[in-house]
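Taking it in order: structure first as structure tokens, then the write-up.
Because only heavy atoms are used, hydrogens play no part in the values below, and waters and symmetry mates are left out as well, while side chains stay in.
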Amino acid sequence: MSAALFNQEQIDWIKKQVKVAVVCGGEKHHTDNYIYENLSPRSTKTYRLVAEDIADALHTAGFRRVALLEESMKLPRQLKDGEFDLVFANSGGLQGFDSMCHLPSMLEMLGVPYVGHAPMTAGLLDNKLMFKNELSALGISTAPFITLQPEAPFFSDSQLRMLDHMDAEFGQGYIVKPVVGRASIHVHPVFDRDDLVSVVNQVHEATSNAVIIEPYLSGAEFVAAVMGPVVYRNGELEEHDRPLVFSVTERLLADKELIFTSMDVCPITSDRLKAVVDEALKADISAIACQIFRAFNIQTLIRVDLRMDKKGRLYVLEANPKPDLKSPKGSEVNLVGFGLSLEGLDYESLIQSLLFNRLQQLYRHRPTNVSHCLTDAFSALNAKGDEHE
């Protein structure tokens with residue numbers, strides 16, 4: 001029998017006693033953060049401001065022991081010397097080709113529990129080639145694609161056949177994008193097949209990594225957030241029988257805007273989004289998001305991005321392993337937070353839901369991972385309660 005949800009006494013104890021490090025990315029221009037510099041296909045961003053928002057939300061919610069740290073080779077010593085019990089991961093990595101995996105791998109090696117994905121899951125979600133291959137194996141619709149390595153000549157006969165198939169089935173152009181990236185950076189619509197080689201070379205040069213070509217889908221674009229079944233709402237924990245899918249939203253494209261503009265270029269504001277109200281469409285999107293969450297054994301928040309083709313068919317573009325968690329300010333919002341109010345949640349309760357969902361999961365299924373901060377303490381609380389009966 002699995003452990004019951006944390007009761008109010010245990011929640012209060014966690015907020016008072018568990019020491020949390022919110023970890024953002026390190027500064028790559030600080031050369032003391034690593035031994036040697038490495039190539040970074042993903043454009044560098046520390047997400048420090050977002051980490052500050054997360055830390056502030058925890059402070060406001062009553063967590064008394066919260067600090068902000070950076071991912072670097074100094075982090076293990078900082079976690080040990082600071083006696084941190086838990087990490088809330090908010091980093092895309094410092095450098096390297098599989099940087100999304102580095103922080104969870106480090107924490108797993110150190111034995112420090114964390115709010116975040118398992119290392120292999122983080123890498124699988126971040127790498128569009130591997131993710132799309134898995135989607136295809138699972139029978140989840142994703143657009144057909146070809147992959148081009150920097151060192152390989154293109155196009156092969158099989159790649160040319162796939163381009164012919166894209167033309168016949170979709171016929172509206174192509175999308176060229178890096179196999180690893182963020183915020184639609186280095187993503188290019190191409191409408192003349194003769195231009196593909198030059199655009200692919202451009203992305204190769206910018207990322208030193210593989211490039212994907214898939215058909216341009218001209219229909220509406222949607223997102224859905226999905227997290228674990230434990231939710232902190234109205235000051236209490238509740239548990240659902242399935243992952244919680246929320247903020248099912250259409251991303252509104254401006255005239256002549258072919259793909260959603262990077263948040264680095266144009267902030268995401270509420271006028272660029274619209275809640276999906278069509279119940280059948282919302283159910284379809286939610287079912288896909290839930291299927292991905294379960295099939296990949298995901299343990300924390302993701303954002304699933306989808307787009308329709310000209311025939312209204314839905315295709316999964318990606319599952320973002322580190323969706324933006326910036327606190328809403330004025331008209332600026334983040335995609336996963338846009339529909340929180342429809343669930344009776346706000347930003348602060350979302351952050352707490354992610355933290356308690358992970359702690360509850362570990363306490364039930366991997367109790368040795370949290371014995372240093374929960375198991376022994378809760379046994380003492382239970383014993384104390386028995387004494388008063």
Determine whether a donor-acceptor pair (N or O, by modelled atom type, separation under 3.5 Å) exists between the side chain of [X] and the backbone of [Y].
| X | Y | result |
| --- | --- | --- |
| Asn133 | Leu129 | yes |
| Asn33 | Glu71 | no |
| Ser286 | Ala283 | no |
| Asp309 | Arg313 | yes |
| Ser136 | Glu134 | no |
| Glu108 | Leu103 | no |
| Lys326 | Ala51 | no |
| Ser99 | Gly93 | no |
| Asp85 | Val18 | no |
| Ser353 | Val231 | no |

Can [X] and [Y] be counted as having a side-chain donor-acceptor contact under 3.5 angstrom?
| X | Y | value |
| --- | --- | --- |
| Ser158 | Ser156 | yes |
| Asp346 | Ser349 | yes |
| Ser40 | Gln95 | no |

Enumerate the residue pairs fulfilling side-chain hydrogen bond (donor to acceptor under 3.5 Å, both in side chains) with a member in [range], sequence neighbours excluded, ordered by first and then second residue.
| range | result |
| --- | --- |
| residues 212-225 | Lys132-Glu214, Gln172-Ser218, Lys177-Glu214, Tyr216-Arg307, Glu221-Arg251, Glu221-Arg307 |
| residues 122-131 | Arg42-Asp126 |
| residues 198-211 | none |
| residues 224-237 | Lys15-Tyr232, Arg233-Glu238, Arg233-His240 |

Hydrophobic cluster membership, [X] vs [Y], 4.5 Å side-chain cutoff:
| X | Y | result |
| --- | --- | --- |
| Ile212 | Val304 | no |
| Leu359 | Val115 | yes |
| Val245 | Phe293 | yes |
| Leu317 | Val226 | no |
| Phe338 | Leu306 | no |

Hey, what do you get for [atom1] ([X]) to [atom2] ([Y]), rounding to the nearest 0.5 Å?
| X | Y | atom1 | atom2 | value |
| --- | --- | --- | --- | --- |
| Tyr34 | Ser72 | OH | OG | 11.5 Å |
| Thr300 | Leu354 | OG1 | CG | 5.0 Å |
| Ile14 | Gln352 | CD1 | CD | 11.0 Å |
| Asp53 | Glu348 | CG | CD | 12.0 Å |
| Leu301 | Asn357 | CG | CG | 10.0 Å |
| Lys16 | Ile11 | NZ | CD1 | 12.5 Å |

Within a strict 4.5 Å, meaning less than it, do heavy atoms of the [X] and [Y] side chains meet?
| X | Y | answer |
| --- | --- | --- |
| Leu163 | Leu196 | yes |
| Gln78 | Phe84 | no |
| Glu169 | Lys311 | yes |
| Phe155 | Met162 | no |

Contacts of Phe170 meeting ring-ring contact (aromatic ring centres under 6.0 Å, His included) (sequence neighbours excluded), chain-then-number -> Tyr315
Applying salt bridge (charged side-chain N to carboxylate O under 4.0 Å, His left out) to Asp164 and not counting sequence neighbours gives Arg193
Taken in chain and number order and not counting sequence neighbours, the residues that satisfy salt bridge (charged side-chain N to carboxylate O under 4.0 Å, His left out) with Lys74 are Asp32
Grab the two heavy atoms, one from [X] and one from [Y], that are nearest each other, plus how far apart they are.
| X | Y | answer |
| --- | --- | --- |
| Asn369 | His372 | O-CE1, 3.2 Å |
| Gln10 | Phe6 | OE1-CA, 3.2 Å |
| Thr147 | Gln159 | O-NE2, 3.2 Å |
| Pro119 | Cys101 | O-SG, 3.6 Å |

### Query
Got a sec, which pairs hit ring-ring contact (aromatic ring centres under 6.0 Å, His included) with one end in residues 88-139, sequence neighbours left out?
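Listed by first then second residue: Phe131-Phe296.
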With sequence neighbours left out, the residues meeting side-chain contact (heavy atoms from CB on, under 4.5 Å) with Gln299 are Ala118, Asn297, Arg358, Gln361, Arg366
Partners meeting side-chain contact (heavy atoms from CB on, under 4.5 Å) with Met120 (sequence neighbours left out):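 Met120 satisfies side-chain contact (heavy atoms from CB on, under 4.5 Å) with no other residue.
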Query raised in the report: For the residue pair Tyr363 and Phe378, does the interplanar ring angle fall in the parallel (under 30°), tilted (30 to 60°) or perpendicular (over 60°) class?
Result: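 Geometry flag for Phe378 against Tyr363: perpendicular rings.
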With sequence neighbours left out, the residues meeting side-chain hydrogen bond (donor to acceptor under 3.5 Å, both in side chains) with Asp12 are Gln8
Check: Is any side-chain N of the basic residue among Glu257 and Arg272 closer than 4.0 Å to the acidic one's carboxylate O?
Finding: yes
### Task
List the steps, then state whether salt bridge (charged side-chain N to carboxylate O under 4.0 Å, His left out) holds for Asp284 with Lys282.
CA-CA 5 Å; Asp284 287 345; Lys282 186 175 180 179; over 6 Å; no
Taking distance alone, no hydrogens or angles, what donor-acceptor pairs closer than 3.5 Å link side-chain atoms of residues 58-70 to residues at least two apart or in another chain?
unit_1 : atom_1 : unit_2 : atom_2 : d
Thr60  : OG1    : Asp56  : O      : 2.9
Arg65  : NH1    : Gln17  : O      : 2.7
Glu70  : OE2    : Arg48  : NH1    : 2.9

Point to revise | Heavy atoms from other residues, nucleotides or ligands near NZ of Lys310 exceed 12 (cutoff 6.0 Å) | key: yes
